[in-house]
Every structure is written in C-alpha cells, then in structure tokens.
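Right, one structure below, let's go through it.
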Amino acid sequence: MSERSAGTLNLIFLGPPGAGKGTQSRMVEEKYSIPQISTGDLMRKEISSGSSFGEEINGYIKLGGLVPDHIVISMLLHRLKGDDCKTGYILDGFPRTVEQAKSFGAALAEKGSFLSGVIAITVADEVLALRLGDRRVCKKCGATYHLFHNKPKLEGLCDNCGTELSRRRDDEPDVIANRIEVYHQQTAPLIEYYQNKNKLHIVDGNKKIDVIFQQICGIIDELS
Ligand code: AP5
Ligand code: MG
C-alpha cells in the first residue's frame, strides 16, 4: 500500500501530449469525487481572459514549448488552496519538469501532505499525433472528443452542454511535433524520478478508453 495522508487521494497523471491524461482524469474525477486540475486548462483560461499575463503564457503554448516553471508552480499552488482540494486532487499535466516535481514535493512536505501515486500513461509517438490531429474540445466545459475513437452523440456538439466543438490551437502538426519532442526532453525524466520514489504506476494507453479506465481504477483502489 502506498503512503497516503488520512482520507486524501493526491494523484499525478503523467504522459505525453495525447496520451489520454485529460480523458482519463476526468473519468476519475467523476468516480472518486476529487477535482481534476489541468495546468493546461488553467493557462488556457488565463489566455481566454485576454489579460497581458495570458498573452505572455500564450507565447509559449502556441509554439508547443513549456511555460516557465515559476509561473506554472505559482498558478498550481494557488489552485490547490481551493476548498475542493481538501480530500485530494488529480494533477493532469503537472509536474512536467524535475524542477516542478521538486517544488511540488517541497510544498507537500511543508503542509505535512503526501503524494498517493503517479499514473504514467504510455502511447507510441505516431499514435499521439493521430489522436491530437483529430481531437475536438468543448471550450465551455472542457470535455474532449475524437472524430473516430470518442465521438460526441451529435456531430460537432458537446454531449454535456451542447456547445459547438472546436480544435485546440496547439493541435497543428508542427506544434504537435514540438510538444512531443519537448515531452521526451523535459518531462520523460519524471518517470525515473517517481520510480525512484516508489510512486510510479505505468498504464498502457494504447488500449480502449474504458479498458484503460478499469486498469487505472484498479491502481487507485489499491492505494486506498
Ligand atoms: P496540456 O493541456 O496539458 O496538453 P498536453 O500535455 O499536450 O496534453 P493533451 O491535453 O494534448 O493530451 P491528453 O493527454 O490530455 O490527451 P486527451 O485526453 O485530450 O498542455 C498544453 C500546453 O500548456 C503545453 O504544451 C505547455 O505549453 C503548457 N503547459 C501545461 N502544463 C504545463 C506545465 N506543468 N509546465 C509547463 N507548461 C505547461 O486525448 C487526446 C485525444 O485522444 C482525444 O481526442 C481523445 O478523445 C483521444 N483518446 C484518448 N484516449 C484514447 C484511447 N485510449 N484510444 C483512442 N483515442 C483516445
Ligand atoms: Mg489534456
């Protein structure tokens, strides 16, 4: 059984762009009633607000690079102060560098809190590009679809809120290629980092969405 603060479930979902972190972490949010926190979503929200801070962030995201550690860490730690995080959370896309992981570990230790586990979803690079190219998202509620593997009930419309679906601006082929490259260079080292801490659980992300979800639930239930 993994280390766990009494009654809390603090999870990290790790994986390359298009691995299914958002898809799976939203399903986990619903089943386990803990919030899914995507640093990508937090930053896209800031960009949509039209603030100059959002503009600065967009400069990194539109090219597929990482937003500087100090910006992401401060946004994330602020979000974790929310009342809804008291019994746990699922971090989707954070940390993404060893520096972020160390800062987060230090912040947890300061609060006397623990990481329950890290779920790393693995998918081959050539599959990632196909998934992202045909992804469609709902800008209103954040739901994610795929033109072939995860279709909405009504073409082009979100199942949850009926909003017209759109393509993410960083889902263009050249930006996707850069995001995958950045993942290998800056984020993949976290696999070893968390393995050394005995926190890592690897899931094969090439299977069907429901099959992967069952496997993830099995891991989470073992952490309880
Ligand atoms: P972020 O929003 O986190 O994007 P990402 O990591 O590139 O990952 P994605 O959201 O593209 O993929 P996903 O794994 O969530 O896959 P999804 O479930 O959608 O970050 C965006 C940007 O923000 C970064 O590039 C960076 O600039 C910045 N940023 C964010 N966090 C940061 C941080 N911590 N530090 C610095 N910068 C940061 O699935 C993909 C598609 O596949 C969907 O269409 C889905 O329906 C489909 N699908 C899912 N599972 C399956 C399956 N099993 N079979 C078939 N299709 C599937
Ligand atoms: Mg995502």
Side-chain angles (χ1 to χ4, degrees), residues 12-29 36-47 54 56-77 79 90-104 119-125 127-139 142-152 158-159 165-172 174-188 190 203-216:
I12 286 174
F13 273 44
L14 192 64
K21 303 182 295 295
T23 303
Q24 295 294 336
S25 57
R26 280 172 175 270
M27 292 163 83
V28 170
E29 170 180 65
Q36 173 247 15
I37 300 173
S38 152
T39 39
D41 287 347
L42 290 179
M43 287 186 280
R44 281 185 287 277
K45 199 169 161 199
E46 188 64 43
I47 293 168
E56 182 190 345
I57 290 172
N58 196 28
Y60 301 99
I61 293 191
K62 70 181 180 196
L63 299 177
L66 293 185
V67 175
D69 288 336
H70 69 277
I71 295 180
V72 188
I73 291 164
S74 103
M75 280 178 101
L76 193 264
L77 293 183
R79 173 65 184 88
I90 312 147
L91 301 184
D92 162 6
F94 181 95
R96 252 175 159 99
T97 63
V98 171
E99 185 55 41
Q100 290 179 18
K102 286 182 177 166
S103 291
F104 178 59
I119 297 180
I121 309 178
T122 60
V123 176
D125 286 0
V127 177
L128 298 173
L130 291 173
R131 283 191 187 177
L132 293 174
D134 290 330
R135 170 168 62 184
R136 295 295 179 269
V137 294
C138 173
K139 274 195 177 156
T144 299
Y145 302 88
H146 188 275
L147 292 182
F148 306 105
H149 304 302
N150 187 15
K151 294 182 188 179
C158 178
D159 291 352
L165 300 177
S166 58
R167 200 170 180 202
R168 245 170 64 179
R169 286 160 76 190
D170 58 350
D171 280 347
E172 297 298 330
D174 51 337
V175 184
I176 290 173
N178 195 34
R179 285 160 62 203
I180 294 174
E181 178 67 24
V182 166
Y183 169 79
H184 286 297
Q185 284 178 6
Q186 302 194 50
T187 308
L190 289 176
V203 170
D204 178 2
N206 295 290
K207 299 191 175 141
K208 287 197 182 303
I209 291 173
D210 286 345
V211 174
I212 298 168
F213 182 58
Q214 288 314 316
Q215 195 185 340
I216 290 176

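Start at 1 and go down the list; that is how both ligands and their atoms are numbered.
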Give a yes or no on whether Arg169 atom CZ has more than 12 heavy-atom contacts from other residues, nucleotides or ligands under 6.0 Å away.
-> no
With atom 21 (C) of ligand 1 as the reference point, say which of Met43, Arg168, Lys207 has the nearest heavy atom.
-> Arg168
Could you tell me whether the side chain of Thr39 and the main chain of Gly93 form a donor-acceptor pair under 3.5 Å?
-> yes
Look at the side chain of Asp125 and the backbone N and O of Ile180, then say whether any donor-acceptor pair between them is shorter than 3.5 Å.
-> no
Is a side-chain donor or acceptor of Arg131 paired with a backbone partner of Gly18 at a separation under 3.5 angstrom?
-> yes
Do Lys151 and Asp159 sit within salt-bridge range, that is, some charged N less than 4.0 Å from a carboxylate O?
-> no
Proximity flag Ser25 to ligand 1, non-hydrogen atoms under 4.0 Å = no
Would you kindly say whether His149 and Asp134 are connected by a side-chain donor-acceptor distance under 3.5 Å?
-> no
What protein heavy atom sits nearest atom 11 (O) of ligand 1, and how far off is it?
-> Arg179 NH2, 2.6 Å
Report the nearest protein non-hydrogen atom to atom 8 (O) of ligand 1: residue, atom name, distance rounded to 0.1 Å.
-> Lys21 NZ, 3.1 Å
Run the numbers for me: atoms of ligand 1, each under 4.0 Å from some heavy atom of Pro16, listed by number.
-> 14 (O)
So which bit of Tyr145 gets within less than 4.0 Å of ligand 1, heavy atoms only: side chain, backbone, both or neither?
-> backbone
Has ligand 1 got any nitrogen or oxygen that is less than 3.5 angstrom from a nitrogen or oxygen of Ser38?
-> no
Could you give me the CA-CA distance, side-chain angles and deciding distance for Arg168 and Asp170, then say whether salt bridge (charged side-chain N to carboxylate O under 4.0 Å, His left out) is met?
-> CA-CA 5 Å; Arg168 245 170 64 179; Asp170 58 350; 3.0 Å; yes
Proximity flag Arg44 to ligand 1, non-hydrogen atoms under 4.0 Å = yes
Min over His146, Lys62, Arg96, Arg26 of heavy-atom distance to atom 20 (O) of ligand 1 lands on Arg96
Does ligand 1 have any atom sitting under 4.0 Å from a heavy atom of Gly205?
-> yes
Between Ile209, Ile121, Asp92, which is the residue that forms a side chain to side chain contact (heavy atoms under 4.5 Å, CB included) with Thr23?
-> Ile209
Could you list which atoms of ligand 1 come closer than 4.0 Å to a heavy atom of Gln100?
-> 33 (C), 34 (N), 35 (N), 36 (C)
Could you establish whether Gly15 and ligand 1 come within less than 4.0 Å of each other, counting only heavy atoms on the residue side?
-> no
Check each atom of ligand 1 against the heavy atoms of Val72 and keep those under 4.0 Å away; list them by number with element.
-> 33 (C), 34 (N), 35 (N), 36 (C)
May I ask you to identify the nearest protein heavy atom to atom 16 (O) of ligand 1, giving residue, atom name and distance to one decimal place in Å?
-> Gly20 N, 3.2 Å
For Ile212, the ligand 1 atoms whose distance to one of its heavy atoms is below 4.0 Å = 53 (N)
What part of Ile61, side chain from CB on, backbone N/CA/C/O, both or neither, has a heavy atom under 4.0 Å from ligand 1?
-> both
Pair Asp171-Arg179, salt bridge (charged side-chain N to carboxylate O under 4.0 Å, His left out): steps then yes or no | CA-CA 10 Å; Asp171 280 347; Arg179 285 160 62 203; 2.9 Å; yes
Heavy atoms only: which of Val127, Val211, Val175, Ile209 is nearest to atom 50 (N) of ligand 1?
-> Ile209
If you count the atoms of ligand 1 from 1 in the order shown, which ones are under 4.0 Å from a heavy atom of Thr23?
-> 17 (P), 18 (O), 39 (O), 45 (C), 49 (C)
Which of the ligand 1 atoms, numbered from 1, are nearer than 4.0 Å to a heavy atom of Leu132 | 11 (O)
Side-chain donor/acceptor of Gln215 to backbone N/O of Val203, under 3.5 Å | no
Heavy-atom donor-acceptor pair, Gln36 side chain to Glu29 backbone, under 3.5 Å = no
Ignoring hydrogens and angles, tell me if any N or O in the side chain of Lys21 forms a donor-acceptor pair with the backbone of Phe13 under 3.5 Å.
-> no
Just jot down the ligand 1 atoms closer than 4.0 angstrom to any heavy atom of Gly22, in number order.
-> 13 (P), 15 (O), 18 (O)
Filtering His149, Arg131, Lys208 for the heavy atom nearest atom 54 (N) of ligand 1 leaves Arg131
Just which atoms of ligand 1 are under 4.0 Å from any heavy atom in Thr144?
-> 19 (O), 43 (C)
Calculate, to the nearest 0.5 Å, the distance between atoms CD1 and CZ belonging to Ile12 and Phe94 respectively.
-> 7.5 Å
